[in-house]
Amino acid sequence: MLSDTHCHLDFPDYDKDRLEVIQRARDSGIKLIINVGSDIEHSIAAVSLADEFDFIYACVGIHPHDAKTYSEDTLSQLKELIKKPKVVGMGEIGLDYFRNLSPKDVQIDLFNKILSMARESNLPVVIHSRQAQIDTIKILKDHAQGGLLTGVVHCFSGDELFLKECLELGLNISFTCNITYKKASNLREFVKLCPVEKILLETDSPFLPPEGKRGTRNEPGNVSFLAKAISEIKNIDYEMVNRITFENACRLFSISS
Ligand code: NI
């Protein structure tokens with residue numbers, strides 16, 4: 001009962017063998033995939049992919065890297081997309097001050113706008129935050145004041161305080177296969193600190209393949225490496241990790257399990 005709550009199967013990386021990748025995911029026991037949009041074009045592609053496969057769902061949003069591309073028009077396109085039946089959340093959205101591919105003020109403005117849209121529509125958000133934890137938490141706290149803020153902080157990075165504050169806001173935390181990297185002892189520490197009831201599994205494919213496969217294209221089937229690592233770190237039975245994280249995902253994204 002594995003789940004991959006964050007991947008980008010619509011990326012051109014899979015143009016040659018998308019069906020095989022999805023079949024391998026099914027064969028490996030994955031029961032749920034959430035394909036996350038990164039801009040309007042990719043959000044539309046995520047929705048079409050979800051329409052083709054019963055176990056694939058979509059989130060729509062604009063990644064902070066692409067914040068500079070947004071306009072009133074793209075926002076109204078998002079508003080239309082969230083009406084589609086297989087759209088279960090908005091993302092990925094957030095702040096990235098590590099690569100800073102869009103100006104900070106534009107990233108903040110867009111993050112606020114999509115958070116408001118998600119809250120009005122009662123949808124959970126998929127948050128990307130890299131080297132921006134102070135601004136991220138400030139904005140999330142503002143939005144959480146009215147209640148109704150639900151979501152997941154994806155590919156968790158940051159420090160212990162950030163982890164605690166996200167958990168206090170009721171957010172879920174998703175880890176990727178990068179917790180298997182030799183030097184990632186800090187991430188494994190965060191896995192220990194995070195209650196399993198708040199953890200989601202994700203690959204962020206095509207990125208971040210597990211240790212032993214680094215330098216190759218990642219795919220949802222590899223989520224088992226992550227589940228195994230979490231099972232070892234938290235000393236919880238592997239099948240139990242899969243089941244609990246699957247249920248966590250279904251609860252957050254309102255998917256009937
Ligand atoms: Ni991603």
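Numbering of residues begins at 1 and proceeds along the displayed sequence. Atoms within a ligand are numbered from 1 in the order they appear, just like the ligands themselves.
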Crowding at [atom1], [X] (>12 non-hydrogen neighbours, <6.0 Å):
| X | atom1 | value |
| --- | --- | --- |
| Asn235 | CG | no |
| Lys79 | NZ | no |
| Lys84 | NZ | no |

Between Lys164 and Glu160, is a salt bridge (Lys or Arg N to Asp or Glu O under 4.0 Å) present by the stated rule, with each step listed?
CA-CA 6 Å; Lys164 280 190 177 144; Glu160 198 178 324; 3.3 Å; yes
Counting N and O atoms only, with roles assigned by atom type, does the side chain of Arg217 sit under 3.5 Å from a partner on the main chain of Ser205, one being a donor and the other an acceptor?
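The answer is no, because no donor-acceptor pair under 3.5 Å joins these two groups.
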The Ni ion (ligand 1) to nearest N/O/S of Cys7 less than 2.8 Å
no
Examine Cys155 and say whether one of its N/O/S atoms is closer to the Ni ion (ligand 1) than 2.8 Å.
no
Restricting to N, O or S atoms of [X], which is nearest to the Ni ion (ligand 1)?
| X | answer |
| --- | --- |
| His8 | NE2 |
| Glu92 | OE2 |
| Asp204 | OD1 |

